[in-house]
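Below is one structure, written out as structure tokens; comments come after it.
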2 protein chains.
Amino acid sequence: MNREADASGRAPHSSVDGVRDKRATILDVAAAAGVSRQTVTRAMNNMPGIKPATRERVQQEARTLGYVPSRFAKGLVQGSRTSVGLSIPGLTNPYFPAFASSVVEAATQRGWHVVVDDYGHGESSGLSSVQHLAPHVDAVIGYLGPHTLNANDLLSGRPLLVLDRVSGEAGAGISFDYPYAASLALDHLALRGSSSVLYLDAIISMTTAADAPAVEIPLHVAPLDDGGGTDAGRSEPVQLSVRGKAFVELAASRGVGLEVVSAGESAEAAFTSLSARLASGPCPDAVLAFNDLMAAGALKALSAHGVRVPQDCVVMGMDGIPLGRLLAPELTTLSLDLRAVGRMAVDLVAGLIDGSLVPGSPESAVTVRHELTVRESA
Amino acid sequence: MNREADASGRAPHSSVDGVRDKRATILDVAAAAGVSRQTVTRAMNNMPGIKPATRERVQQEARTLGYVPSRFAKGLVQGSRTSVGLSIPGLTNPYFPAFASSVVEAATQRGWHVVVDDYGHGESSGLSSVQHLAPHVDAVIGYLGPHTLNANDLLSGRPLLVLDRVSGEAGAGISFDYPYAASLALDHLALRGSSSVLYLDAIISMTTAADAPAVEIPLHVAPLDDGGGTDAGRSEPVQLSVRGKAFVELAASRGVGLEVVSAGESAEAAFTSLSARLASGPCPDAVLAFNDLMAAGALKALSAHGVRVPQDCVVMGMDGIPLGRLLAPELTTLSLDLRAVGRMAVDLVAGLIDGSLVPGSPESAVTVRHELTVRESA
DNA sequence: AGTGATCCCGTGAACGTTCACGGTACAGAC
DNA sequence: GTCTGTACCGTGAACGTTCACGGGATCACT
């Protein structure tokens, strides 16, 4: 005789004017089928030691009650599969989905789960995404942009791995060697004989950085007057991206003229900004874009203005996403082995979780280098 | 005085020759800090009612022990955020990441989590992905391709929503109205005056369909002899995709000559197959591709063969991914409002979870129509 | 000294499931 | 009739956390 959970007066799945009660538990099913918890477990999980008729009856009762086993209770008693959260800023740039997939691939090989949170919608910052994710995963991999390492506090002890970490900041992360990338690009352009280079930088909306108010960003600074310039343009207030800074600094140290045009981080914005720039000044020899997507926009802008690529002007992107190979002309770019980066991220997180890696240590902060992929556009 | 968990002889995080014991629990931290469970909880979750010094000491102890709160125990007592699993076949086609992001967006608005599983790597089928996901989520949204509704058995009562569901199959799902899409495409091509159409179909690897052995797929069937054809070509064994079948049938019913060329589901494969076809026969008026990615490959193949688009031959894709706008010429396509589809999927799952929607019912199976997006290529 | 009020902190209970074990019924063999 | 085995089913315990409540200090004010 079954005596568990007989005190509940009302049915667990009754709907009173549209509002449903709490979810049915295993005890509700057991009571309804006239059996015990354990028998319900055996029926639901297809375990042996149960009469087929009973199994069928229990499953039927579970179905009508809308019983769904609690994955928490199950995970609690059975021991968990580890799962990591992944914060990325959106889908408009194929780079992020590609990165996400590489993480999912690497994590799946370890038998892990990946909870993806895309914080690109709405006004929420990456930090709120981490906060959203934190209670439900064992660690977080965050593409939060730079200067967001204080996200560590939100995790209540769980490891955080920051991507595109600014070298010099504390904490575990993967950073990219932008000075090296810049040298690859400028070396290649020098080889091609480009003398006037335009860098198409991205305006990263940093809603999280309270100390960096939204500054007025002029459309272009450092006018391209080829050598003996007035430096009036250079003193304008502009907020460069971390990548952009690396390019500007290296160009300055080499004495190469580098004009910066800022645009939103999309192909359309790049098209618009570059078109405006082309309409109001001489055409540069080379356009270097913040990423491949913006390079695609640049290609369209140049083509619309009758500039032939690569004959009149070469174009380089950054990221190395597959899209580049579909463009006409195919895009020369600074590419990243995303599969390797994803694997690396998962390996680092594994170390952080099992304690063999501590967040402050030098081993927990790796640096990845881009490599030059020469195709048609430069 | 604290008396809990004092019987454990060994430290919970001691590492003996690289092998670590079980994870530290809240009781271990409590014992180490000389306080109780509840105090540890207060310290970790930044709750009031605790002396700052104590909070600090507890957090320090938690850190050295490597304590990570069990999300299962937490979820069990606090009531769970619902989370859905998402099975997608890969990253090479931007369509799937875009769809995934749309689901993540819609789910996030409800406060849900999305666990993404990408089963495109290795030999695993979508079914094994569902199996992998099932115990850890409240429902599964699966882009499993057609004929995989038996995945329902793997879920132990949890709802399954199938995408690209074949209309006529049972179960909850979202299906696409391919006959309608085909009519849109053929109407538009008729308007443009195209008489000979080539359909570039995808070879979907159906490892799950045991009854469909890997048939020999000829490079192209139904040779383009414009009207009074011998139907020798038509009798060759070819396995059309569901989309392809819709196009072929509609073309047949309209008396339009439709040649089918099959290729792998990638831009590169499309390029290769179409290039081979162009080298060995007359150029069609129009190329209709299985999806935008293959259309991109087709554009490159045509361009390589000196065929001008759209003057000599028009090209249409399918899916409407943002990539199409970056190509030259910009791609005319049958587009899908992916954000709406993602929202719809989440809404359906919500209904299935709370019981207001039953899997067999007509309401649980919705059909989405593509719309024509005319750009430069056709 | 007594009395609240306030601030810390600790203890039973509960969340919903599975594991390990123990029990009952029924069959067949002696 | 008793014994042994097998098939089926039920009950305590445990997983690790938070909630609700209760108790002991400390301090101020009568």
Side-chain angles (χ1 to χ4, degrees), chain A residues 1-8 12 21-31 33-58 62 65-81 134-136 138 156-158, chain B residues 1-8 12 21-31 33-58 62 65 67-81 135-136 138 156-158:
Chain A
M1 180 172 300
N2 178 22
R3 161 134 317 179
E4 288 176 323
D6 48 358
S8 82
D21 301 351
K22 298 183 69 69
R23 270 176 26 173
T25 76
I26 200 173
L27 291 183
D28 297 321
V29 178
V35 295
S36 73
R37 293 171 315 192
Q38 186 60 30
T39 301
V40 177
T41 294
R42 281 191 267 255
M44 298 304 291
N45 300 7
N46 287 322
M47 299 167 71
I50 183 176
K51 194 155 50 180
T54 312
R55 181 194 309 278
E56 185 52 48
R57 183 162 44 94
V58 170
L65 283 178
Y67 166 65
V68 177
S70 155
R71 64 176 189 283
F72 291 107
K74 186 177 295 204
L76 186 57
V77 65
Q78 282 186 331
S80 74
R81 199 182 292 268
H136 302 273
D138 299 313
S156 69
R158 292 184 182 76
Chain B
M1 180 171 299
N2 177 22
R3 164 134 313 178
E4 287 177 323
D6 49 359
S8 81
D21 301 352
K22 298 183 70 68
R23 268 176 27 170
T25 77
I26 200 173
L27 291 183
D28 299 319
V29 179
V35 294
S36 74
R37 292 171 316 192
Q38 186 59 31
T39 301
V40 176
T41 294
R42 282 191 266 255
M44 299 302 290
N45 298 9
N46 288 322
M47 300 169 71
I50 183 177
K51 195 155 49 181
T54 312
R55 181 195 307 279
E56 185 51 47
R57 183 162 46 94
V58 170
L65 284 178
Y67 166 65
V68 177
S70 156
R71 64 177 189 283
F72 291 108
K74 188 176 295 205
L76 185 56
V77 66
Q78 280 186 331
S80 74
R81 201 182 290 269
H136 302 273
D138 299 314
S156 69
R158 293 183 180 76

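Please read all numbers here as calculations on a predicted model, not as lab measurements. So you know, we letter chains A, B, ... as the sequences are listed, proteins then strands, and number each from 1.
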side-chain contact (heavy atoms from CB on, under 4.5 Å) partners of B:Ala73, counting only residues at least two apart: A:Leu76, B:Ser70
Check nucleotides 17-22 of chain C for protein N or O atoms closer than 3.5 Å to its own N or O atoms and list the pairs.
from	atom 1	to	atom 2	distance (Å)
C:dT17	OP1	A:Tyr67	OH	2.7
C:dT17	OP1	A:Ser70	N	3.2
C:dT17	OP2	A:Ile26	N	2.4
C:dT18	OP1	A:Asn45	ND2	3.0
C:dT18	OP2	A:Thr41	OG1	2.7
C:dC19	N4	A:Gln38	OE1	2.9

Separation of D:dT6 P from A:Lys51 NZ (nearest whole Å): 19 Å
Residue pair B:Leu65 / B:Ala24: nearest heavy atoms and the distance that separates them: O-CB, 3.9 Å
Side-chain N,O (A:Thr39) to OP1/OP2 (D:dC9) below 4.0 Å: no
B:Leu76 vs B:Ile50, nearer the 5' end of DNA chain C by closest nucleotide: B:Ile50
Axis deviation across the helix from C:dA1-D:dT30 to C:dC30-D:dG1, five-pair ends, to the nearest 10°: 60°
Interatomic distance, A:Ile26 atom CD1 to A:Gln38 atom CD [nearest 0.5 angstrom]: 8.0 Å
Distance in angstrom units between A:Arg55 CZ and D:dC9 C1', rounded: 13 Å
B:Met44 side, atom CE; B:Lys74 side, atom NZ - distance, nearest 0.5 Å: 8.0 Å
Exercise: identify the closest heavy-atom pair between B:Ala30 and B:Ser36: CB-C, 3.7 Å
Sub-4.5 Å side-chain heavy-atom contact between B:Val35 and B:Arg57: yes
Spacing of A:Arg55 atom CZ and A:Met47 atom CE [to the nearest 0.5 Å]: 9.5 Å
Pairwise distance CZ(A:Arg42) to NZ(A:Lys51) - rounded to 0.5 angstrom: 13.0 Å
